[in-house]
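In what follows, every chain begins at residue 1, and chains take the letters A, B, ... in the order their sequences are listed.
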Protein chains: 2
Amino acid sequence: MSTNFSITEENYIKAIFHLQEVNGMVSTNELAAELDTKPASVTDMLKKLKVKKMVHYEPYQAFKLSSDGKKLALNIVRRHRLWEYFLVEKLQFGWDEVHELAEQLEHVSDKKLVDRLDAFLNFPRFDPHGDPIPDSNGKMAQQEQVCLTELPVQTQAEVCSVGSQSSSLLELLSHKHIGIGTRLEIKQRFSFDNSIEIKIKDQQLITLSKELAQALFVKKI
Amino acid sequence: MSTNFSITEENYIKAIFHLQEVNGMVSTNELAAELDTKPASVTDMLKKLKVKKMVHYEPYQAFKLSSDGKKLALNIVRRHRLWEYFLVEKLQFGWDEVHELAEQLEHVSDKKLVDRLDAFLNFPRFDPHGDPIPDSNGKMAQQEQVCLTELPVQTQAEVCSVGSQSSSLLELLSHKHIGIGTRLEIKQRFSFDNSIEIKIKDQQLITLSKELAQALFVKKI
DNA sequence: ATATATTTTTAGATTCGTCTAAAATATTTT
DNA sequence: AAAATATTTTAGACGAATCTAAAAATATAT
């Protein structure tokens with residue numbers, strides 16, 4: 001009795017899933033920005049998704065996915081990441097050029113196809129961006145988050161969390177133009193003071209002190 | 001400046017291409033039947049496709065694709081058949097279960113993706129149904145395929161394509177253990193009902209109705 | 001606690017692809 | 001060649017997804 005979802009509905013569900021990972025709850029404006037559409041359109045769709053029991057939503061309140069909604073979201077994420085893996089691993093695309101293509105391929109929702117693709121790829125657990133791929137039951141490995149101090153040189157990584165919220169740390173990060181999502185490569189380590197030299201795309205080399213490196217958590221890319 | 005085409009428009013263009021292969025020209029009713037829609041809808045779409053210069057169409061007249069339309073059609077066919085090849089060759093689907101899936105995958109039209117898929121599959125020249133796959137320039141190998149009804153008795157032949165993808169046809173073929181690549185010999189023809197008796201290696205004689213024989217295309221061996 | 005600003009929802013219009021019913025054109029039959 | 005039949009097009013409506021502009025609800029600030 002699996003209801004049918006349009007590509008548009010799937011895109012809304014995926015976006016809500018993504019936003020609620022951060023805050024737990026999602027607002028109309030936030031979602032409109034994420035989908036590059038207008039708040040009025042979001043309200044219309046929320047009413048539709050509520051009828052289909054995919055979201056917990058009351059007018060003027062923040063909302064989130066129902067458990068069915070979450071299940072569907074995980075399934076879409078699974079498809080997306082499997083195709084990304086396929087494109088990089090089998091068709092030699094760069095990890096930075098596959099997102100758009102996977103956005104299109106992910107909407108082919110045939111379960112048999114997805115499961116066979118999974119098997120063909122040898123049941124990969126992480127996509128080319130380091131994000132975990134849900135298995136056929138919707139279970140997803142924990143993201144491999146590593147402290148910057150643990151990475152060998154030449155590794156590429158993306159900042160995904162910071163070890164504290166102290167304003168002194170945030171001030172320093174902003175001064176060095178580092179934030180969540182910043183991609184960097186480890187260039188050199190200095191054992192004398194355990195400092196690290198990194199390079200952010202299109203920028204000069206930057207030195208991070210041991211203390212700063214310890215406060216940065218990244219995922220490999 | 002390659003204009004953008006919706007999935008619906010692509011489906012119309014593919015269907016016109018398929019029909020005009022037979023007669024050279026296509027009628028509104030024919031196309032409506034092929035697409036399982038109403039003639040009025042076909043007329044609407046023809047007007048749209050004419051504006052986009054994809055069809056030669058005048059009201060109340062039979063129509064056909066323009067050269068641009070034909071080019072697009074060949075590109076869609078290319079995508080469809082490459083995905084069918086992928087599904088059978090890499091994901092272990094049966095040749096009789098890939099049509100629907102390829103219908104969905106074919107609408108991802110990124111040229112780089114298609115060309116890389118082609119390369120990954122080693123530039124196959126025929127899909128799993130025996131139909132030729134257009135190359136990246138739209139050139140398609142000719143196959144001297146003959147309808148089973150045209151062969152004289154005692155001829156040996158190999159099945160290389162089927163005349164439709166209807167599930168009723170595929171069901172019947174699978175029941176009679178006939179598939180792409182099956183080798184057979186024409187044993188006898190009956191003018192009363194135009195049925196044919198054939199023999200497949202190591203099997204008993206089998207009777208094929210006129211309708212079934214018309215749907216089977218073979219090459220002599 | 002009242003005024004102001006922000007967020008969210010409604011109301012009504014628009015585009016795409018579809019439909020039905022009726023009108024226009026083309027074809028076939030007599 | 002006129003009448004009957006079949007095909008195709010128009011006219012008007014509908015559902016999905018979107019938009020703008022205005023109203024309603026909520027949040028913030030003085």
In terms of side-chain heavy atoms of [X], which of [options] is nearest?
X: A:Lys38; options: D:dC19, D:dT9, C:dT9; value: D:dC19
X: B:Met45; options: D:dC19, D:dT8, C:dG17; value: C:dG17
X: B:Asp44; options: D:dT10, C:dT8, D:dT9; value: D:dT10
X: A:Asn29; options: C:dT18, D:dT8, C:dT8; value: C:dT8
X: A:Tyr57; options: D:dT18, C:dT9, C:dG17; value: C:dT9
X: A:Ser41; options: C:dT18, D:dT10, D:dT18; value: D:dT18
X: A:Tyr60; options: C:dT10, D:dT18, D:dA25; value: D:dA25

A:Lys48 or B:Thr43: which one's nearest nucleotide on DNA chain D is closer to the 5' end?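 The residue whose closest nucleotide sits nearer the 5' end is B:Thr43.
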Assuming nearest nucleotide by heavy-atom distance, tell me which of A:Ile7 and B:Ser27 is located more 5' along DNA chain D.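 Checking each residue's closest nucleotide, the 5'-ward one belongs to B:Ser27.
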How many angstroms lie between OH in A:Tyr60 and OG1 in A:Thr28, if you round to the nearest 0.5 Å?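 OG1 of A:Thr28 is found 10.0 Å from OH of A:Tyr60.
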Across all strands shown, which nucleotide pairs with C:dT4 by Watson-Crick or G-U wobble geometry, both distances under 3.5 Å?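 D:dA27 is the nucleotide pairing with C:dT4.
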Could you state the CG-P distance from A:Leu31 to C:dT9, rounded to the nearest angstrom?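 A:Leu31 atom CG is separated from C:dT9 atom P by 11 Å.
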